Every structure is written in structure tokens, then in C-alpha cells.
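Working notes for the structure below.
Quantities reported herein were computed from a predicted structural model and do not represent experimental measurements. First the proteins, then the strands, lettered A, B, ... as listed; each starts at 1.
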Amino acid sequence: MPELPEVETIKRELSAKLLGRRFSDVEIFDEKPLRGISPREFRRRLMGQRIEDISRSGKYLLFQLSSDETMIIHLRMTGALLLDPKEREKFTRIIFRFDGGTTLVFTDVRRFGAVYLVRNKADIVGRLGVEPLSEEFTPEVLAGLLAGRRAPIKAVLLDQTVIAGIGNMYADEALFSTGIHPLTPAGKLNSTQIRALHGAIRKILVRAIGSGGASVSTYRRPGGEIGTAHFDFKVAHCGGKKCPRCRAEIQRVRVRNRSSYYCPQCQELDRDVT
DNA sequence: CATTGTCCCTGGAAGC
DNA sequence: TGCTTCCAGGGACAAT
């Protein structure tokens with residue numbers, strides 16, 4: 001469930017502690033997260049490497065190494081990266097140790113998380129769409145991305161090859177904020193709606209980053225602090241509650257086998273348009 | 001290419 | 001109490 005704001009928060013907190021550190025040991029307790037590389041080879045190629053930079057692309061974390069390789073981690077649903085955890089973690093998959101004694105623990109209950117080590121990071125993140133907080137992402141660009149698409153806007157917002165980093169929670173929030181029904185065909189949005197959606201996406205993501213992400217489900221920050229972005233949620237994770245705007249009951253609808261929460265009053269589906 | 005559906009995975013909640 | 005079923009959902013992949 002970590003989405004862009006959560007991954008950005010993790011990136012910042014890891015950067016503060018890990019930039020310039022060298023790997024002194026790597027312990028692999030579960031090789032499932034390792035993609036396309038054996039535990040032995042993974043460890044060998046990390047040992048002694050210095051972390052030159054930590055960045056984020058969509059929901060991926062990228063660790064630029066002194067060897068010119070990049071370790072890329074995707075936390076998927078339940079993955080977490082913890083710095084010097086006080087207690088032994090139950091679902092520890094990998095432990096990274098660094099010179100100076102810092103420890104980074106990768107935990108993942110459901111084992112969906114993925115860890116890569118590559119020369120060419122584009123092999124992993126090359127197909128991602130536009131970064132929604134970059135200058136490149138304008139209302140005009142968004143309009144171009146949506147034009148002609150018949151898929152529901154919710155499905156398109158979740159498509160990482162279109163826009164990178166938006167997940168289920170923030171897609172629902174952006175649609176509620178703009179009064180757009182999640183099943184509206186993406187190509188049917190008018191320019192006013194697109195402009196509003198563009199603004200809402202940026203505003204909601206920026207605000208959530210400022211709150212350290214949303215501490216719902218299994219999201220955990222590296223240092224153990226709590227994110228508060230979920231206190232701003234109007235519909236996400238609010239099934240059965242009342243709409244803060246009109247008091248109608250928040251509904252759930254399945255869009256591409258994923259739950260979408262929305263207000264049936266504030267986000268009406270225009271029948272002419274479907 | 002655009003779009004949709006299935007699978008992966010496991011703990012926790014809900015139902016009986 | 002204890003068993004079963006459902007649910008969470010990002011992304012790879014296959015199918016259409």
C-alpha cells in the first residue's frame with residue numbers, strides 16, 4: 001500500500017541515514033523478493049558498495065551504488081524498510097548492514113515485494129509514466145494522456161505506465177475532490193474536469209508527503225514515526241462512513257477488481273457519457 | 001496498442 | 001472456541 005507519498009517519505013528518511021554508507025553485510029532469509037539474481041550473487045555485488053544516492057521513481061526506491069549498479073526496491077503491499085528496529089521483526093526477509101553499525105531491515109508479510117540489482121535502471125523503471133509532481137506534468141499533458149481512452153478514469157489513474165506513483169487511496173481522494181465518478185470513461189472528461197483533476201492530484205500528493213504518508217494498513221516509516229495523511233482522507237478507507245460534504249454514505253464499487261470508494265451524491269456518473 | 005482478467009501471497013476480520 | 005471464507009491490492013503476465 002505504500003504509494004508515492006509514502007515511498008517519498010521513506011526515501012527521505014533513508015537518505016538522511018544511509019547516504020555515503022557502505023554495505024558491510026547482507027543477510028538473506030528469503031530469496032523470493034530477489035528478482036533475477038541469486039542470493040549469493042546479490043550479496044557479492046553489494047558488499048563494499050557505497051550508496052551514492054537514493055531516489056524515487058513512481059513507487060520504486062532506487063539506491064545508486066558506487067559500482068554504477070542500482071539496487072531497486074518495490075514494497076508492493078506489505079513491504080517495509082526499517083532503520084535499526086528496536087525489536088526483532090517477525091517477517092524479516094533481508095537485513096542490510098552498513099559500516100558504522102546502521103542496519104536496514106526489509107520486512108514483508110505477504111512477500112509481494114521485489115528487490116532488483118541492475119546495471120540499467122531503465123530495465124525496471126523505464127516504462128513508468130510521467131511523475132505527477134514534476135514540471136512535466138501539466139493539465140495539457142494529462143489531457144493528452146486521457147484523450148480517447150474508454151477505460152474508467154480510476155483504472156487509468158492506477159496505470160503506472162500513464163502516471164507513476166498514484167495508488168488506490170490517492171486516486172480515490174483525487175476523484176472525490178473533483179467530483180468525478182471512478183467509472184467515468186477517461187476520455188469523456190472535459191477540460192475543466194481535467195484541469196481540476198490535475199490540480200487535485202498534485203495538491204493531495206504534496207500534502208500527504210508533508211504528513212509523512214498515511215499510516216493505514218501496514219505502512220511503516222523507517223524510523224518508526226507515524227504518518228498522518230490518512231486523517232485528511234475523505235473517502236479512501238471510509239467505506240460505510242458519511243461523506244464530509246453531503247453526509248451521504250460512502251459507497252464501494254469494484255473497478256478492475258479493485259475497491260473504489262466514492263460519494264454517490266458528490267460523484268455522480270453522467271449517464272449520457274457512458 | 002488498449003483493455004481486462006488472473007495470479008501471486010498471507011494475516012486478520014467476518015461469518016457460521 | 002474453532003473452522004471456513006473473504007478481503008486487502010500493485011504489478012507481471014496472458015488473453016482478447
Under 4.0 Å between any heavy atoms, over every strand shown, what does [X] touch: base, sugar-phosphate, or nothing? Just pick one.
X	result
Arg127(A)	nothing
Arg35(A)	nothing
Thr218(A)	nothing
Asn168(A)	sugar-phosphate
Arg111(A)	sugar-phosphate

How would you list, by chain and number, every residue that makes a salt bridge (charged side-chain N to carboxylate O under 4.0 Å, His left out) with [X], sequence neighbours excluded?
X	answer
Arg93(A)	Asp30(A)
Arg97(A)	Glu27(A)
Arg35(A)	none

Just the rounded figure in Å: distance from [atom2] of [N] to [atom1] of [X].
X	N	atom1	atom2	result
Ile72(A)	dG11(C)	CD1	C1'	15 Å
Leu128(A)	dG11(C)	CG	P	8 Å
Leu4(A)	dG10(C)	CG	C1'	14 Å
Arg252(A)	dC7(C)	CZ	P	6 Å
Asp108(A)	dA8(C)	CG	C1'	14 Å
Met77(A)	dG11(C)	CE	P	10 Å

Taking the nucleotide of DNA chain B with the nearest heavy atom to each, does Phe91(A) or Arg258(A) sit closer to the 5' end?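 Going by which nucleotide is closer to the 5' end, it is Arg258(A).
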For [X], give me all partners under side chain to side chain contact (heavy atoms under 4.5 Å, CB included), at least two apart in sequence or on another chain.
X	value
Ser67(A)	Gln49(A), Leu65(A), Glu69(A)
Glu249(A)	Gln251(A)
Ser177(A)	Ala200(A), Ile204(A)
Val130(A)	Ser134(A), Glu136(A), Phe137(A), Leu145(A), Ile163(A)

* With sequence neighbours left out, which residue pairs that include part of residues 190-199 of chain A fulfil the side chain to side chain donor-acceptor pair (under 3.5 Å) condition? ->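 Residue pairs passing side chain to side chain donor-acceptor pair (under 3.5 Å), neighbours aside: Glu140(A)-Arg195(A).
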Footprint ends on DNA chain B, 5' to 3', for atoms under 4.0 angstrom from a heavy atom of chain A, come out as dT3(B) to dG11(B)
Within the pair His74(A) and dG11(C), is there a side-chain N or O less than 4.0 Å away from OP1 or OP2? yes
*asked:* Using OP1 and OP2 only, check whether a side-chain N or O of Tyr261(A) sits under 4.0 Å from dA8(C).
replied: yes
Item checked: Of Ile166(A) and Arg254(A), the one whose closest DNA chain C nucleotide lies more 5' ->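 Nearest-nucleotide comparison on DNA chain C picks Arg254(A).
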Is Lys242(A) atom NZ crowded by more than 12 heavy atoms from other residues, nucleotides or ligands, each under 6.0 Å away?
->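 Open.
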* Asked: Does Arg110(A) make a side-chain donor-acceptor contact with the base of dG10(C), cut-off 3.5 Å?
  ->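 No, the side chain and the base share no sub-3.5 Å donor-acceptor pair.
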* Asked: Charged N to carboxylate O below 4.0 Å: is that the case for Arg221(A) and Glu13(A)?
  -> yes
query: Is there a residue in residues 145-160 of chain A whose heavy atoms reach under 4.0 Å of DNA chain C, and which residues are they?
result: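 Gln160(A), in order of number.
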Rounded to 10°, the helix from dA2(B)-dT16(C) to dC16(B)-dG2(C) deviates from straight, judged by its five-pair end axes, by 50°
- Query: Between Arg254(A) and Ser260(A), does any side-chain donor sit less than 3.5 Å from a side-chain acceptor?
  - Reply: no
**For Phe91(A), the rest of its hydrophobic cluster, which grows through side-chain links under 4.5 angstrom** =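 So far as hydrophobic clustering goes, Phe91(A) is joined with Val109(A).
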